[in-house]
Asker: 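Can you keep this structure in mind? I'll have questions shortly.
Residue numbering restarts at 1 for every chain, and letters A, B, ... go by the order of the sequence lines.
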Amino acid sequence: MALAERIHRTIDATHWRGEIPLNYIYTPGRAGEQFLRALLDEETFLGARCAACGVTYVPARIFCERCFARIEDSFVKLGKRGTVHAFTVSHETFDGVRKEEPSIVALIKLDGADGVVLHRLGDVDPGDVRVGLPVEAVFKPKKDRQGSILDVRHFRPAKG
Amino acid sequence: MEITKEMVERTATALKLEDITKRKVLTTPWQPKVQYAWDDGPAIGRYLAELKNGRIIARTCRKCRRIMIPPRMFCELCWRPSDDWTFVKDTGVVNTFVISHVDWKAGRLDIKGGERPLTPAVIEIDGASAGMGILHMLDEVDPWQIKIGMKVQAVWKPQAERQGAITDIRYFKPLAPERKRGK
Amino acid sequence: MGYRRVAIIGAGMTKFVRFAQETGKELAYEASKMALDSAGLDLSQIDCVSVGSAPDAFDGVHMKGEYLADGSGGWGKPVMRNFVGGGTGVMNVIHGWHHVASGMFDTCLVVSEEKMSSAFPHPAGAFVTIFDHTTEQPIKPTLLWIFAIEMNRFMNAHGYTKRDIAQVAVKNKKNAIDHPCAQLPGEITVDDVLNSEVMAYPVNRLDVSPTSDGAAAVILAAEHVARRVCEKPVWIDGVGWALDTAYWCTRDLYYPDYVEVAARKAYEMAGIKEPSKEIHIAEPYDPFTYKELHHMEGLMLCKRGESVKLLNDGVTQRTGNLPICPSGGLLGVGNPISAAAVMKIIEIFLQLRGEAGKRQVPGKPTCGLAQAWGDLMQVGTVVVMRS
Amino acid sequence: MGKRVAIVGIGTTGFRATTPDVSYRELTYEAAVKAYLDAGIEPKEVGAFVATSEDLIEGYSISDEYSPDQLGAVLKPIHTVPGDFLQSLANGMMLVQSGFADLVVVQGLSKASNILNVGEVLTFAEDPVTVRPLCETPHAVAALDMCRFLHETGTTREQCARVVVKNRRNALRNQRAAHGTLLEACDVLAAPPVAEPLGRYDIAQHADGAVVVVLASEERAAHLRRAPVWIRGIGWATDAPSLDSRVWGDARYARLAADMAYRMAGIRTPRREIQFAEVNDEYSYKELQHLEALRIYERGQAGRATEVGATEPTGEFPVNVSGGSLGCGATFDLDGGQKLLEVVLQLRGEAGTPQLRGVTTGLAASWRGVPSATGAVAVLSN
């Protein structure tokens with residue numbers, strides 16, 4: 001409507017294909033650098049605590065989003081244990097392809113943190129996962145770690 | 001309050017290129033694959049189809065009497081549907097131009113090694129309303145001989161290679177008299 | 001008609017650098033935090049946030065306004081992003097003005113950020129995709145071309161030479177020596193510009209502003225708040241913005257009509273009849289040398305074809321009668337697109353308060369202007385400020 | 001109390017899964033022509049325009065370049081809000097209230113069908129360092145939120161499925177909707193899982209379409225032909241953008257946005273003072289979660305209400321009579337435009353077959369989709 005003339009043959013309804021051709025390299029930032037290095041070197045999650053708000057963020061960040069205090073000097077090591085805050089059994093990849101094996105994606109509330117880490121669960125049957133399940137991070141061997149969130153292979157039910 | 005050097009000192013940490021390429025800082029790469037198929041619609045669809053036929057088509061507005069290229073189904077100035085199709089010529093006049101030593105990736109052309117600079121131009125198409133041009137490339141001319149106001153003509157791909165795209169015109173070249181002044 | 005008066009009461013910015021270690025969020029935080037501190041406010045006193053950032057393709061994050069919201073002080077607040085390409089920085093302040101002038105909010109934190117270095121090795125792919133996807137991108141254009149195309153037309157129309165225009169780079173880079181955030185300050189000569197690498201004739205390397213990372217922020221407040229919390233509010237007395245057609249090849253690029261339309265609106269609002277006399281200091285957008293001159297003409301700070309004369313006569317020097325880009329501009333301070341234009345707003349803010357330090361222009365200016373430009377040579381955004 | 005702002009014209013193309021015969025230009029043009037005709041105005045009378053777009057959705061690096069022509073806005077004040085349509089509407093409202101313009105146009109568009117890989121685009125919105133490398137589907141973000149919502153409120157998957165059944169059936173009666181169909185709850189529950197508990201039918205499919213709205217000041221509205229629909233309240237808010245620190249299981253952004261809109265509208269008991277709503281239901285559970293965040297239902301009660309038919313067109317509080325996002329189609333940042341359109345048409349008595357009787361106040365609530373934590377709310381009255 002609104003046009004004086006329209007396409008009236010299917011064959012004339014054409015399209016043009018294209019893309020946005022880009023490549024990125026991201027720095028993790030001042031806080032992120034330390035967060036990733038803590039995974040890499042110490043197998044621990046680094047958080048940041050805002051004393052005024054009583055909130056512990058993880059990953060560590062340089063500012064408290066609630067009160068805008070600078071918390072760059074209040075980083076805390078949170079270890080690698082926590083509980084499942086929420087989970088999903090995921091059957092598709094991010095580009096929409098059906099996975100052969102579904103993965104379990106979870107929000108992990110690390111002990112001592114208020115925030116959550118998004119990661120995968122492993123060494124567990126989907127049917128056995130529940131909210132509140134205690135879990136721990138499984139790290140790749142040191143030689144395979146690169147300073148990435150993927151240095152953590154997954155979380156698994158905590159032992160003991 | 002003045003903004004002083006001391007105040008801004010810690011606001012941004014300047015890295016060197018090699019800090020990134022040699023991973024002195026940690027980095028995470030990503031190459032998005034964002035692809036589209038944009039519907040042409042009647043105006044651009046016909047424009048491309050006629051390019052495949054070796055012709056340039058425009059749309060007219062009866063009210064402002066403009067002959068519009070690229071064609072559009074409405075006149076953006078009169079705010080009414082456009083009226084008719086009309087073919088325009090494949091010749092035109094250089095409105096403005098560039099002698100580019102860089103390509104779209106910001107890569108440098110090897111000018112000293114004899115590579116020809118890219119010479120894009122806005123070309124006012126003959127038969128379209130005054131000042132109505134398109135972006136295209138100039139070639140078969142010494143870049144430094146290009147002048148604003150120069151008459152040019154489309155050089156088409158052979159019919160079999162045309163696919164209904166703006167690149168069915170390979171480039172524009174000077175009309176015959178000007179050509180003698182080229183290399 | 002009477003508008004609710006809106007003032008700028010605080011400002012902050014990061015250094016502008018080619019590769020910042022900081023994330024976009026962190027840069028936004030540093031600028032926002034400094035702005036809050038300078039106004040003596042804490043985040044709870046901010047009613048809303050306006051985020052300005054140029055293409056998502058620079059930082060490499062879709063919905064960048066969402067991504068930047070926490071670093072911009074937007075947690076749990078009304079946050080809205082605005083976008084007019086390269087014109088976004090000044091638009092962002094205008095957008096903040098919308099928020100406060102409407103009466104819906106009393107304070108607004110206006111934050112602009114750009115991290116162009118994420119696009120690696122160069123954000124060229126982001127530039128090719130600003131052109132029409134079907135009728136122009138297949139020709140593989142680059143952003144430089146549109147500047148070169150426009151500059152050539154501008155030179156041709158007025159008989160300006162590259163030597164004339166090169167003086168803008170000399171002036172602005174020199175001005176930037178006194179700017180603590182500057183990325184590319186320096187003493188250069190006209191010959192340095194003319195002898196620098198040819199990028200795309202008529203544009204040489206030193207005609208071009210750099211690729212940058214950085215952030216800048218200002219705080220806007222309604223009059224009753226501004227008078228209470230701020231000793232030297234700077235008033236936003238006029239705003240204007242306009243976009244021309246996307247069919248850019250059908251316009252005569254020698255003159256920026258869109259800047260004139262935007263400026264007329266801002267002048268009308270500010271009650272300015274003779275801009276060249278009533279405006280004491282200006283920060284027109286200068287991502288490329290010729291652009292400063294092109295915009296001075298569009299802003300009617302001089303007659304068409306006379307901008308070079310003002311430049312030649314030293315009128316636009318920091319010590320001249322109409323200082324232009326006393327900050328050092330994008331050519332000297334750097335060009336993290338939208339943050340660069342907020343830097344211009346900040347420069348006028350500081351100059352009108354007499355707080356520009358070594359950059360302070362003489363004569364106690366009371367009326368200044370900042371302007372930005374963007375898209376396909378298409379958008380003008382103008383703010384007129386008074387002390 | 002700000003100056004009153006009215007909607008005096010609205011135009012739409014309606015929504016279809018694909019629109020292969022028109023470009024984004026012509027799609028917007030159609031909605032604009034209709035909106036201006038509806039308002040009885042010419043674009044040259046308009047003081048300012050607000051366009052809505054996100055670059056990666058349009059497939060441009062600076063998509064705002066392409067906003068003026070098809071709105072008749074060449075050399076006019078026009079800018080783009082990369083946000084939800086209702087945020088653009090709020091911006092338009094501010095432009096009227098400030099006195100900058102007494103006639104403002106707000107535009108939104110979806111050409112979702114032109115995006116070949118939506119998952120890639122949405123993943124590109126996730127944090128590049130801490131989330132994106134996992135390469136999980138963006139639907140997982142919604143699924144985690146849903147998991148938490150079900151866990152905290154006791155809402156069931158069946159109740160969510162009832163939302164799908166209702167909205168897609170409602171869409172069958174709405175000529176503007178793209179995805180109407182007859183399903184039963186068991187069909188929804190039996191559909192292949194995408195990210196559990198989300199199955200295929202729990203996720204709205206996309207649609208193309210455009211909406212253009214004309215806003216006017218009270219003085220100007222008095223001289224226009226259409227009876228105004230008043231924007232009584234508007235609100236928008238962003239919760240923590242990072243996945244790590246936001247509230248999961250509750251739409252805090254919607255709660256904050258609604259609080260702002262209700263405050264402006266002077267609404268204390270939304271459930272009583274508002275008669276119907278169009279709320280974002282891009283995922284089935286979102287309708288329920290949003291209704292609770294909007295204080296229409298107590299936490300944990302929206303599922304029950306749905307089960308007993310309270311949100312059906314014939315129920316006590318009709319929700320998404322249009323079919324919502326599940327029935328009309330998900331349209332990215334046109335979401336709020338699709339919701340607003342239906343509320344305006346209902347209040348004018350022009351909704352067609354799904355027309356509710358005697359309604360005077362309605363609510364539109366949008367969400368910017370995963371992984372955002374931003375939503376907007378508008379309260380409208382005739």
Asker: Just checking Arg98(A): does its CZ atom have more than 12 heavy atoms from other residues, nucleotides or ligands closer to it than 6.0 angstrom?
Answerer: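 Correct, the count exceeds 12.
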
Asker: Which atoms of His85(A) are under 4.5 Å from chain D, going by heavy atoms: the side chain, the backbone, both sets, or neither?
Answerer: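 Contact with chain D: backbone and side chain both.
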
Asker: For Val105(A), is it the side chain, the backbone, both or neither that has a heavy atom under 4.5 Å from a heavy atom of chain D?
Answerer: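 Looking at Val105(A), backbone and side chain both touch chain D.
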
Asker: Give, as side chain, backbone, both or neither, the part of Ile20(A) having an atom under 4.5 angstrom from any heavy atom of chain D.
Answerer: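 Contact with chain D is through the side chain of Ile20(A) alone.
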
Asker: Any heavy-atom pair between the side chains of Val89(A) and Pro193(D) that's under 4.5 Å?
Answerer: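 Pro193(D) does not reach Val89(A) side chain to side chain.
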
Asker: On a heavy-atom basis, which atom in Pro20(D) and which in Ala13(A) lie closest, and how many Å separate them?
Answerer: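 Taking every non-hydrogen atom into account, O-CB, 3.5 Å.
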
Asker: Would you mind checking which part of Ala31(D) comes under 4.5 Å of any heavy atom in chain A, side chain (CB onward), backbone (N, CA, C, O), both or neither?
Answerer: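 Interface part for Ala31(D): neither.
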
Asker: In Å and rounded to the nearest 0.5 Å, what is the CG to NE2 distance from Asp21(D) to His8(A)?
Answerer: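 Result: 11.0 Å between the selected atoms.
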
Asker: Should the heavy atoms of other residues, nucleotides or ligands under 6.0 Å from CZ of Arg17(A) be counted, would the total exceed 12?
Answerer: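 Not more than 12 within 6.0 Å, no.
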
Asker: Which residues in residues 196-203 of chain D have any heavy atom closer than 4.5 Å to a heavy atom of chain A?
Answerer: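 Residues of residues 196-203 of chain D touching chain A at under 4.5 Å: Glu196(D).
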
Asker: Is there side-chain contact between Ser242(D) and Arg61(A), with heavy atoms separated by less than 4.5 Å?
Answerer: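 The answer is yes, as the side chains (C-beta and beyond) meet within the 4.5 Å cut-off.
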
Asker: May I ask you to name which of Gly96(A), Ala113(A), Ser90(A) has the most heavy-atom pairs under 4.5 Å with chain D?
Answerer: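 Between Gly96(A), Ala113(A), Ser90(A), the count favours Ser90(A).
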
Asker: Under the criterion side chain to side chain contact (heavy atoms under 4.5 Å, CB included), I'd like the reasoning laid out for Tyr26(A) against Arg132(D): C-alpha separation, chi angles, the key distance, then a yes or no.
Answerer: CA-CA 11 Å; Tyr26(A) 303 96; Arg132(D) 215 185 288 168; 2.8 Å; yes

Asker: Need one label for Val194(D): side chain, backbone, both or neither, based on atoms under 4.5 Å from any heavy atom in chain A.
Answerer: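 Val194(D) touches chain A through backbone and side-chain heavy atoms alike.
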
Asker: Are Asp114(A) and Ser245(D) close enough that some pair of their side-chain heavy atoms sits under 4.5 Å apart?
Answerer: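 SC-SC contact between Asp114(A) and Ser245(D) ruled out.
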
Asker: Answer with side chain, backbone, both or neither: which region of Glu65(A) has an atom nearer than 4.5 Å to a non-hydrogen atom of chain D?
Answerer: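 Just its side chain gets close to chain D.
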
Asker: Which region of Thr10(A), side chain (C-beta onward) or backbone (N, CA, C, O), has a non-hydrogen atom less than 4.5 Å from a non-hydrogen atom of chain D, or is it both or neither?
Answerer: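 Neither part.
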
Asker: Measure distances from Phe149(D) to the heavy atoms of chain A and classify the residue's part below 4.5 Å as side chain, backbone, both or neither.
Answerer: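 Neither the backbone nor the side chain of Phe149(D) comes within 4.5 Å of chain A.
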
Asker: What part of Leu36(A) is in contact with chain D, defined as an atom under 4.5 angstrom from a non-hydrogen atom: side chain, backbone, both or neither?
Answerer: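 Side chain of Leu36(A) only, per the 4.5 Å heavy-atom cut-off to chain D.
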
Asker: Considering only heavy atoms from C-beta outward, does the side chain of Leu150(A) approach that of Leu134(D) to under 4.5 Å?
Answerer: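 Yes, side chains in contact.
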
Asker: Answer with side chain, backbone, both or neither: which region of Lys99(A) has an atom nearer than 4.5 Å to a non-hydrogen atom of chain D?
Answerer: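 Lys99(A) touches chain D through side-chain heavy atoms alone.
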
Asker: How long is the span from the CG atom in Leu3(A) to the CG atom in Leu27(D), to the nearest 0.5 Å?
Answerer: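 So the CG of Leu3(A) and the CG of Leu27(D) are separated by 10.0 Å.
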
Asker: If you count the non-hydrogen atoms of other residues, nucleotides and ligands that lie under 6.0 Å from CD in Gln175(D), is the total more than 12?
Answerer: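 At most 12 heavy atoms, drawn from other residues, nucleotides or ligands, come within 6.0 Å of this atom.
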
Asker: Just verifying a value: how many Å separate Arg130(A) CZ and Cys147(D) SG, rounded to the nearest 0.5 Å?
Answerer: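 If we round to the nearest 0.5 Å, Arg130(A):CZ and Cys147(D):SG are 12.5 Å apart.
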
Asker: Using non-hydrogen atoms and a 4.5 Å limit, figure out which bit of Val22(D) sits close to chain A: side chain, backbone, both or neither.
Answerer: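 For Val22(D), the contact with chain A is made by the side chain alone.
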
Asker: Taking the side chain as C-beta and beyond, is there a heavy-atom pair between Tyr24(A) and Pro128(D) under 4.5 Å?
Answerer: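 No, side chains not in contact.
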
Asker: Hey, does Thr137(D) have a side-chain heavy atom less than 4.5 Å from the side chain of His91(A)?
Answerer: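 They are not in contact (no side-chain heavy atoms under 4.5 Å apart), so the answer is no.
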
Asker: Any non-hydrogen side-chain atom of Glu136(D) less than 4.5 Å from a side-chain atom of Glu92(A)?
Answerer: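 Answer no - side chains too far apart.
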
Asker: Does atom CG of Asp125(A) have more than 12 heavy-atom neighbours from other groups under 6.0 Å away?
Answerer: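 Yes, because the 6.0 Å sphere around CG of Asp125(A) holds more than 12 heavy atoms from other groups.
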
Asker: Using a cut-off of under 4.5 Å on heavy-atom pairs, state which of Val58(A), Leu118(A), Asp12(A), Leu107(A) scores highest against chain D.
Answerer: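 Option with the greatest count: Leu107(A).
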
Asker: Working to the nearest 0.5 angstrom, can you tell me the gap between Leu116(D) CG and His15(A) NE2?
Answerer: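 Between Leu116(D) CG and His15(A) NE2, I get 8.0 Å after rounding to 0.5 Å.
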
Asker: Select one option (side chain, backbone, both, neither) describing which atoms of Phe87(A) are under 4.5 Å from chain D's heavy atoms.
Answerer: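 Contact with chain D involves both backbone and side-chain atoms of Phe87(A).
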
Asker: Quick one: of Pro133(D), Gly249(D), Ala143(D), who has the most non-hydrogen atom pairs under 4.5 Å with chain A?
Answerer: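 Option with the greatest count: Pro133(D).
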
Asker: Within a radius of less than 6.0 Å around CD of Gln146(A), do more than 12 heavy atoms belonging to other residues, nucleotides or ligands occur?
Answerer: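 No, not enclosed.
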
Asker: So which of Asp127(D), Asn117(D), Val141(D), Thr130(D) has the largest heavy-atom pair count under 4.5 angstrom toward chain A?
Answerer: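 If we count pairs closer than 4.5 Å to chain A, Thr130(D) comes out on top.
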
Asker: Could you tell me which non-hydrogen atom of Thr88(A) sits nearest to which non-hydrogen atom of Ala195(D), and how far apart they are?
Answerer: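 Smallest interatomic distance, heavy atoms only, reads OG1-C, 3.2 Å.
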
Asker: Side chain, backbone, both or neither: which part of Ala106(A) has a non-hydrogen atom closer than 4.5 Å to chain D?
Answerer: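 Interface part for Ala106(A): backbone (N, CA, C, O).
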
